[in-house]
Structures are given as C-alpha cells and as structure tokens.
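Down below is the structure, laid out as structure tokens.
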Amino acid sequence: MKSTSSEILDYHCRLESPTSLGRSGVSQIYQGHALQSEGYKILLKLFPQLKDKLFNEYDVRAYSMKTEARLMAEGVFVNQNLTEDVDWFGVDRFTFEIILRKELRLKFDDQIEWKCNTRVMGLIVDQSLNIVKGIKYRSKKNIDSSSFDMYGDFIIDCTGRNTSSPKWLKESFNLIVPTIQIHFGFANVTFIGERFRTGDLSLDSATVIGTTVNPPHKNVGFLASPIRILKTIDDSSLGTMTVFSINCVNSEYPPNDSYENLLEWVKENLDIEYYTILKQVKVYSQLIPYRRAIDDRKYVELLGKKWPQNYILLGDAMCTFNPLYGQGMTHAFRHARELGKIFGESCHKLKDISHIFNRRASVITEECWLASTANDWRTPTLKVIETNKNGDVKIYQRDSDSATTNYPQPRIPLMIRFMQWYSHWLLQCASKSGQLATDFIRVVTQQSNPLILMKPTTFFAVIHIALMNYLKDWGLFGGRSARNTF
C-alpha cells in the first residue's frame, strides 16, 4: 500500500487556480490558517529555502504586523507603535500542506514511506511492558478491506482535534486520559474573496484586519487574512486573495444562505468598517459554516509512568484551542521542536522519551491554554466537561435561563479571573505604550513567555492604570459607577 508520488502530492490539494484550493466538498478549503511568528521561524529554520519558494512558486508571503495589519481587542489597536516587527504568515490549509509534502519529499524522501487514503484503526501494544509497538490501518477506499499492521520504534499521533487516541488507550491499556472540554458556542462563516479599495486609506493599507470577540458584551469577531498575492491590472484591486472569517461565540451564528444576508448581519453586529470592507469584496467561493470547535485539553502529564512508552500526542491531538486566536499550528510546531530537542540531547533512553515529552510539552500547552480560554470563560452560555483519571465525569453549564439545565454553574478558576482582569487593563496600557504592545504581540504570537507581561515595570503600570480608573469611577469617596470591567 505504499503511495505513489502523484498520490502524495494530489491527495489533499489542487493548485490550478486561486479558487481551487482543495478537495471539493471539504469545508476547510476555505478556512485560512495563520502561522504565528514563532511557528514561521521554526518552519524557515527547517526549510531555509522555503521563503523564496513560497513567493516565487505559490505567490504566498509573510506580512508585517507593524505596517500591514490592523488588529483590535476590546476596542484597542493592539499592533500600533510596535517597537519591532512581527511576521504574519497567512495561507490556506491545503496549499500549505502540499508545500510541506513536497519539501519533506525533497529532504527526507529516502527516509519516509507515505500511506495515503488510509485510516488508523487502533494500536498494537504490549500491555505487560506498557508499550505501543505500532498501529493497525486499512484503506479508505474499501471500508470492508482487512487491516494491515505497521510497527515503529516511536509512534506520534498528530491526527488533530478528532484523534481517537483516548479511545484506543482505554481499549488497550484501560487508561483514561484526564480532560477538560470547554464548549463556548463557537461558529464562523468563511469564504475566499478579492479585496477592492474602499476609499478609506486606513483600511486599504492594511492587509491583515481583525477584531476579537469580547464576551459577554461583544460575541462577534472578524478576520481578513491574505493567502495569496494576485497578479492583476485592475487598479481598484488590492492584489490579494483573502480568507474572510466572521466569527462568533455564544451560538450567535452568522447566516450563510447568501452573501447579501451575511452583509446585513455584519452591518448590524460589527463595527461599520468591517461592513465597508466586505461591501468591496468579490467573492470567489461558497459561504462555509463551521460549528464544531471547542477547547479540549488532555492532561497527559498527570498520568506519569502510566502513560505508555514510545507513544505521544502532538499538537491538536494533545490540546485544541479556540481557532479565533490562530494558535494551533504554531503550538504543534513548538511541540515538534521540543521533541527534536529531546532526541537531540542523546542522553535519554527511548522508553523514557514519551514521559519526558509529556512534561515539557504540557508547559507549552499551558501557555496557550490559559491565553485562549480566559476569554472563553466569559461566554454567557458555557458548558464545561471534566473527566478525571478514574473516569468520573462532571458537567457544569451556564445558561441565560438557569431553569433549562440540570447541571451546576461552572466556577471560574481564580487564575482565570485574575487573567481576565489583568488582560483588560494591560490592553489599556498597551494602547499608550509601544513596548507593552510589542510584548503583548510577542506573547500572542508565541515568541515570548507570558511571564514577560508580569515583569515589575509592566505589572505596576497595569496596577496604576486600573487604580486610577477605579478612583475615577468611585469619585475618590463617592459611589461606584455601573461599569463592569471583567
């Protein structure tokens, strides 16, 4: 069942035209994928020649968050007055996947055996030794076909958010992976289009444009992310093929039945500038709804030596995040880099590597998890499902009508409450300080540890601006204003 070169390169992607970006009938054709700055650096370190190839062969490039972006959070421009530049690499999923397949074939073809159009059905294990020795797989083309065995010294599950590893580990080792799932009513409508001039220079000069949701007050967001340069002689065109995403939480779903209805919905629910942009877009695709994303954390590090040897979860297989923040690919790249470091240290026994990786990768995951979920915990209709290592499941649900649910209300962790409060006032400081804005962007793009936002000068600046606002609201000795800041 070894795949041919044509199968490897044609399985997921067609590149004949800008509007043919993947398999027909696959909704993620139209979902843009942003590789944050740290992920982009990891990619170029692995494939140094790729930057020129992306531009010359695919019309794909990185964009400057300092000069080509207009990004807002809680009404604050988060990328203004940056003291250093940060890359934004936007690309559609299937183009990126096919590029990586080509580069992997060029660099490692004699070391890789590809298996396309196959599905993994389970694990091959030795329970007595607590080892995963391989996988069972079968052809997708014939669901009644018998399965095949594949053995390996080290098995990596990077199948993404729909991984079956928890099920397989339960079946093979009676091992239950502790998890927390946060359902926050995510949905988006995405499509591909060409931007044309609006006449507003502040909008037309920005290639990457977005605003985050801010529940419970504002449950709708917007993102325009370029995926290709367009060669055009039309002076009114901005020369980019762009993925547009209208996002929501709290199940406040945007319509996808017609572009006209979507425009009206945007006009009513978002700031007028986003409606202005979309009115000048030539749409090249269907409007694709997506409503399945949740925050899903698997606490593999809590299992210690109970976790099987020679087997790991990587990237989305270990933890998925709210896609609004574009953390997924860079999170996976950082996991892969850490795994490479562990093997490169050449001082660990193979049987210990999965446990070492779980500990180190969980630190990376925790950074992204806290940053992503702090905002999601504010969602008015929130559902949290916790499963411990004994298999006990607890469900908590917040609803506008408490009589409609039999579950207890979720209790927001103290750390999350502090992060919600702190991030609000940090953004106010960042709007006045280029260095704070740069530190914030470096954390968002995973270049820096979040602790840089807690260094003494930043911490006291945040406390100062919060205190001044509280004193203003209270009128020193007067009554408190009705404003709620978190």
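Bear in mind that the values here come from a model prediction, so they are computed numbers and not experimental data.
- Residues in residues 266-275 take part in these salt bridge (Lys or Arg N to Asp or Glu O under 4.0 Å) pairs, two or more places apart or across chains: Arg70-Glu273.
- Nearest heavy-atom pair across Gly90 and Ser225 is CA-OG, 4.0 Å.
- When side chains are defined from C-beta on, Thr240 does not count as touching Leu230, because their heavy atoms never get closer than 4.5 Å.
- Side chain to side chain, Ser37 and Asp87 fail the donor-acceptor criterion of an N or O pair below 3.5 Å.
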Sequence neighbours excluded and cut-off under 3.5 Å, please list the side-chain donor-acceptor pairs for residues 454-462, or say none.
residue, atom, partner, partner atom, Å
Lys455, NZ, Asp439, OD2, 3.2

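- The side-chain tip of Arg297 points at the ring of Tyr299 from less than 6.0 angstrom away and within 45° of straight on.
- Taking the six-membered ring where the residue is Trp, the centroids of Phe89 and Phe96 are separated by under 6.0 Å.
- A donor-acceptor pair is defined here as one N or O able to donate and one able to accept, closer than 3.5 Å; no such pair exists between the side chain of Asn322 and the backbone of Ser372.
- Inter-residue side-chain proximity for Leu43 and Leu100 is flagged as met; some heavy-atom pair is nearer than 4.5 Å.
- A salt bridge links Arg360 with Glu345: the distance from a Lys NZ or Arg NE/NH1/NH2 to an Asp or Glu carboxylate oxygen falls below 4.0 Å.
- Residues Tyr259 and Leu278 are in side-chain contact: their nearest non-hydrogen atoms beyond the backbone lie under 4.5 Å apart.
- Using modelled atom types and a 3.5 Å distance limit, the side chains of Ser236 and Asp234 yield a donor-acceptor pair.
- At a threshold of 4.5 Å between non-hydrogen side-chain atoms, the residues Gln327 and Gln446 count as touching.
- When the shell of 6.0 Å around CZ of Phe418 is examined, it contains more than 12 heavy atoms from other residues, nucleotides or ligands.
- Nearest heavy atom pair, residue Thr179 against residue Lys298, reads CG2-CG, 3.8 Å.
- Looking at Cys368 and Cys319, their side chains never come closer than 4.5 Å, going by heavy atoms from C-beta outward.
- Between Lys389 and Val177 the shortest side-chain heavy-atom distance does not fall below 4.5 Å.
- For Ser258 (side chain) and Asn261 (main-chain N/O), a donor-acceptor pair under 3.5 Å exists by modelled atom type.
- In this model, a donor atom of one side chain and an acceptor atom of the other lie less than 3.5 Å apart for Asn449 and Glu367.
- Every pair passing salt bridge (Lys or Arg N to Asp or Glu O under 4.0 Å) that includes a residue from residues 41-64 is listed here, sequence neighbours excluded: Lys53-Glu103, Asp59-Lys231, Arg61-Glu68.
- Partners of Thr365 according to the side chain to side chain donor-acceptor pair (under 3.5 Å) rule, which considers only residues two or more places apart in sequence or in another chain, are His331, His335.
- The closest side-chain donor-acceptor pair between Ser245 and Thr190, if any, does not fall under 3.5 angstrom.
- For residues 441-454, every residue pair satisfying the salt bridge (Lys or Arg N to Asp or Glu O under 4.0 Å) rule, not counting sequence neighbours, is listed here: Glu84-Arg442.
- Applying the salt bridge (Lys or Arg N to Asp or Glu O under 4.0 Å) rule to Glu260 yields no partners; only residues at least two apart in sequence or on another chain are considered.
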Subject >> Intermediate values then yes/no, side-chain hydrogen bond (donor to acceptor under 3.5 Å, both in side chains), Asn214 and Arg378 >> reply: CA-CA 8 Å; Asn214 182 31; Arg378 294 173 167 172; 3.1 Å; yes
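- Between atom OH of residue Tyr274 and atom CZ of residue Phe244 there is a gap of 13.0 Å, rounded to the nearest 0.5 Å.
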Original post:
Could you walk me through whether Ile294 and Ile182 pass the side chain to side chain contact (heavy atoms under 4.5 Å, CB included) check?
Top reply: CA-CA 6 Å; Ile294 62 172; Ile182 301 176; over 6 Å; no
Original post:
Could you go step by step and tell me if Tyr284 and Phe191 meet the ring-ring contact (aromatic ring centres under 6.0 Å, His included) rule?
Top reply: CA-CA 8 Å; Tyr284 287 133; Phe191 60 93; over 10 Å; no
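- Under the 4.0 Å criterion applied to side-chain N and carboxylate O atoms, Arg359 and Glu338 are not assigned as salt-bridge partners.
- Although no hydrogens or angles enter the test, the distance criterion places no donor-acceptor pair under 3.5 Å between the side chain of Thr373 and the main chain of Asp376.
- A donor and an acceptor atom, one from each side chain of Asp157 and Thr163, are located under 3.5 Å apart.
- For Lys282 and Ser237, the side-chain atoms include no donor-acceptor pair closer than 3.5 Å.
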**OP:** Before giving the answer on side chain to side chain contact (heavy atoms under 4.5 Å, CB included), spell out for Met419 and Leu370 the whole-Å C-alpha distance, their side-chain angles and the decisive distance to 0.1 Å.
**Re:** CA-CA 8 Å; Met419 289 185 64; Leu370 289 175; 3.7 Å; yes
Original post:
Given Lys383 and Tyr396, is the side chain to side chain contact (heavy atoms under 4.5 Å, CB included) satisfied, shown in steps?
Top reply: CA-CA 6 Å; Lys383 187 175 183 179; Tyr396 306 90; over 6 Å; no
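- Between the side chain of Thr438 and the backbone N or O of Gly434, at least one donor-acceptor pair lies under 3.5 Å.
- In this structure a side-chain-to-backbone donor-acceptor pair under 3.5 Å is missing from Gln36 to Thr330.
- Between Arg195 and Ile277 the shortest side-chain heavy-atom distance falls below 4.5 Å.
- Side chains of Asn358 and Met318 form a contact here, defined as non-hydrogen atoms less than 4.5 Å apart.
- Contact between Phe154 and Ser354 at its shortest, heavy atoms only, is CE1-N, 4.2 Å.
- Nearest heavy-atom pair, Pro323 versus Ala293, reported as atom, atom and distance to 0.1 Å: CD-CB, 3.6 Å.
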